[in-house]
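See structure below.
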Amino acid sequence: MASSPTSPPPLSPTAITMAAPAGDVAAAAAVVDQASALQDAVIAWANTFVNISRRCEVLEDLSDGGVFLEILADIDGQWFKLVRSIDTGDNWVLKFNNLKKLYKLLTGYFEEVLGQNTSALDVPNLTAIARDSDGMEIVKLASLIIALSVQVENNQRYILQIQSLDPNIQHFLMLAIEQIMARLASSNQPASPSQPLSPFANEERLAYEKEMAALRKQVLDLQSKY
């Protein structure tokens with residue numbers, strides 16, 4: 001479920017750096033650098049979609065969900081066609097409502113269209129996105145959309161969009177995709193080894209693993225070119 005408007009905001013990378021012991025400052029700084037690079041990669045990726053109504057200059061431009069909704073409509077206009085972003089202005093509650101609709105449809109797509117269990121996904125804090133434009137949480141949400149885009153039927157188009165970006169940006173986008181794919185894979189494992197799968201369920205699992213292996217190969221092929 002999406003986080004409620006009363007959820008406390010998560011600790012930011014800057015706060016982590018300030019709170020870290022002296023011996024851990026370098027490691028904490030590296031985390032902040034990686035977080036910043038991921039944020040830059042998400043902005044660059046969003047701008048590869050020519051149908052978005054406004055170009056993203058800073059990560060905050062994604063905090064109302066409007067651009068994400070336009071990107072999702074481009075990915076699958078049938079599934080996301082009924083989603084309409086309202087003009088939220090600075091009203092964080094309206095932004096939250098936009099994001100909640102987006103997240104519900106997004107996870108529904110994973111479950112119903114791609115046939116993937118989303119129970120192990122790291123749920124983005126929608127309140128922190130809407131109220132504080134939290135960069136880490138925006139990246140979490142964006143990562144789900146990026147991972148979805150490379151699994152749809154016409155995924156080659158979206159892989160090519162990633163390929164058009166700077167190699168360093170591609171690297172961080174690939175990291176984001178791999179993290180989502182790993183979580184999806186873990187949540188699609190059998191619940192208990194003491195409960196044997198039926199032949200039909202086993203066939204479904206093998207088919208899913210084959211699809212995941214093919215996708216990982218595409219990702220590795222993309223990485224190997226740079």
Side-chain (N155) to main-chain (V150) donor-acceptor, under 3.5 angstrom: yes
ILVMFWY cluster, L126 and V93 together (side-chain gap under 4.5 Å): yes
Heavy-atom side-chain contact between V139 and M136 under 4.5 Å: no
Step-by-step side chain to side chain contact (heavy atoms under 4.5 Å, CB included) determination, C56 to L62: CA-CA 7 Å; C56 297; L62 299 169; 3.5 Å; yes
Sub-4.5 Å side-chain heavy-atom contact between W45 and I71: yes
Gap separating the OH atom of Y109 from the CD atom of Q151, nearest 0.5 angstrom: 9.5 Å
Heavy-atom side-chain proximity of R131 to K95 below 4.5 angstrom: no
Note, L69 side chain near F80 side chain (heavy atom, < 4.5 Å): no
E70 to I52 - nearest heavy-atom pair and separation: OE1-CA, 3.2 Å
Nearest atoms (heavy-atom pairs only) where L99 meets G65: CD2-CA, 3.7 Å
Under 3.5 Å side-chain donor-acceptor pair for N98 and Y103: no
From CG (N97) to CG (L94), nearest 0.5 Å: 6.5 Å
Residue pair K101 / L106, side-chain heavy-atom distance below 4.5 Å: no
Shortest non-hydrogen contact from Q170 toward L165: NE2-O, 2.8 Å
Over all atoms of both residues, closest heavy-atom pair of L72 and L102: CD1-CG, 3.9 Å
Taking every non-hydrogen atom, the tightest pair across S133 and E60: OG-CG, 3.2 Å
Between S143 and Q179: side-chain donor-acceptor atoms closer than 3.5 Å: no
Heavy-atom side-chain contact between I177 and I162 under 4.5 Å: yes
Euclidean distance, L38 CG relative to I43 CD1, rounded to 0.5 Å: 11.5 Å
Candidate pair Q34 and L175, rule side chain to side chain contact (heavy atoms under 4.5 Å, CB included), full reasoning: CA-CA 11 Å; Q34 180 169 341; L175 288 178; 4.2 Å; yes
Side-chain ion pair, R54 and D64, N-O less than 4.0 Å: yes
Spacing of OG1 belonging to T48 relative to OH belonging to Y158, to within rounding of 0.5 Å: 9.5 Å
Minimal non-hydrogen separation, F172 against A41, with atom names: CB-CB, 4.1 Å
Residue N51 excluded, over 12 heavy atoms near CG under 6.0 Å: yes
Reported CG-to-CD distance for the pair L141 and E137, which is rounded to 0.5 angstrom: 9.5 Å
Test item: T107 and L144 side chains (from C-beta on) under 4.5 Å apart, heavy atoms: no
Side chain to side chain, E111 and N117, heavy atoms closer than 4.5 Å: yes
Gap between atom OG of S149 and atom CD1 of I159 - 0.5 Å precision: 8.0 Å
Any donor-acceptor N/O pair, D132 side chain to I129 backbone, under 3.5 Å: no
Salt bridge flag under 4.0 Å for residues R157 and D74: yes
